[in-house]
Amino acid sequence: MALDRTPPYLQVAAALRRQIVAGDLQHGDALPSVRDLAAQYGISTATAQKVHRVLKAEGLAEARQGAATTVSTRRTLHRTAADRLEAALSTGRIYTEGEYAVITGADLSEPPEWVGDLLGVEPGGRAVRRQRVTHNADDTPVSTSTSWFAGELADSVPALLVADRIPAGTPAAIEAATGRRAIASEEASTASAATEEQARLLGLTPGEPVSLSRNVFVDAAGEPIEVGESVAPAGRWRVHRSA
């Protein structure tokens, strides 16, 4: 049996980080105290203090003199498409409490070449396109994204062409109509510069640094269900989790 050689303070920090990303620990919630962490995880108070320091260094927690250390995510955390799919599969909710999306467009359009290749759309063909801006509980835009779907889904899932939120999310709507379930995601990201449109939607200046991500949701056969691209302001942490 393989031993987990990760230092205990990093294991505990990872457990709390997962709760923060999932929204179980919300912005402003108190983190477990040093004494509580020590008791809950069987670690020393010195090790528990390291847990708090790690999360503060990542911008996921903050401490005020004389007050508890609290979760701080509204200006520091970027929830990726993979995070949102995991939330949808485990809780049935795409967004954490307080977050919401404004759908800015829904139509049939010719996709970019890289999207068409993944969805099997021939040049000149059309796919379903949904565009949105996601906001946090402060009404601050935290990302703008575009999702693409095979054109035939326009008939079987007509809600995809309505510029309004789908309460349980697009993966659930597609599964209900077709039986195809998104079970995994693939994602890649890079640094980029905000276009004029991205800057307008995110309240930035054109040319400001942003994080650009591309994602694919796949079914049990490994076939793409949704292909997307999202842009988020720079300076927000993305949290990677491995099984």
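Computed from a predicted model, the values in this text were never measured in an experiment.
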Nearest heavy atoms of [X] and [Y], plus distance in Å:
| X | Y | result |
| --- | --- | --- |
| A182 | P171 | CB-CB, 4.5 Å |
| V128 | A150 | CG2-O, 3.9 Å |
| P206 | A199 | N-CB, 3.6 Å |
| A193 | G207 | CB-O, 3.7 Å |
| V227 | P224 | CG2-CB, 4.4 Å |
| T205 | A194 | O-CB, 4.3 Å |

To the nearest 0.5 Å, what is the distance between [atom1] on [X] and [atom2] on [Y]?
| X | Y | atom1 | atom2 | answer |
| --- | --- | --- | --- | --- |
| L160 | E226 | CG | CD | 9.0 Å |
| T178 | I174 | OG1 | CD1 | 6.5 Å |
| N136 | H27 | CG | NE2 | 8.5 Å |
| S72 | L60 | OG | CG | 8.0 Å |

Any side-chain heavy-atom pair from [X] and [Y] closer than 4.5 angstrom?
| X | Y | answer |
| --- | --- | --- |
| S147 | F217 | no |
| T70 | D29 | no |
| V218 | I225 | no |
| D139 | Y100 | yes |
| V231 | L202 | yes |
| L25 | L16 | yes |

Taking only residues two or more places apart in sequence or in another chain, which ones pass side-chain contact (heavy atoms from CB on, under 4.5 Å) with [X]?
| X | answer |
| --- | --- |
| A63 | K56, T69 |
| V133 | T104, H135, P141, T144, L201 |
| I103 | R130, R132, A163, R165 |

Exam field: side chain [X] to backbone [Y], donor-acceptor pair closer than 3.5 Å:
| X | Y | value |
| --- | --- | --- |
| Q40 | L37 | no |
| E110 | P123 | no |
| H52 | P32 | yes |
| D117 | W114 | no |
| T47 | I43 | no |

Q: Flag yes if V34 and L31 sit in one hydrophobic cluster, no otherwise; membership is Ile, Leu, Val, Met, Phe, Trp, Tyr, and two members link when side-chain heavy atoms are under 4.5 Å apart.
A: no

Sequence neighbours excluded, the answer for salt bridge (charged side-chain N to carboxylate O under 4.0 Å, His left out) partners of R129 is D107

The side chain to side chain contact (heavy atoms under 4.5 Å, CB included) partner of V157 among L161, D155, L153 is L153

Residues pairing under salt bridge (Lys or Arg N to Asp or Glu O under 4.0 Å) where one sits in residues 200-220, two or more places apart or in two chains, turn out to be R180-D219, E197-R200, R214-E229

So the salt bridge (Lys or Arg N to Asp or Glu O under 4.0 Å) pairs with at least one residue in residues 44-55 (sequence neighbours excluded) are none

- For the residue pair E99 and T134, confirm or rule out a side-chain donor-acceptor distance under 3.5 Å. no

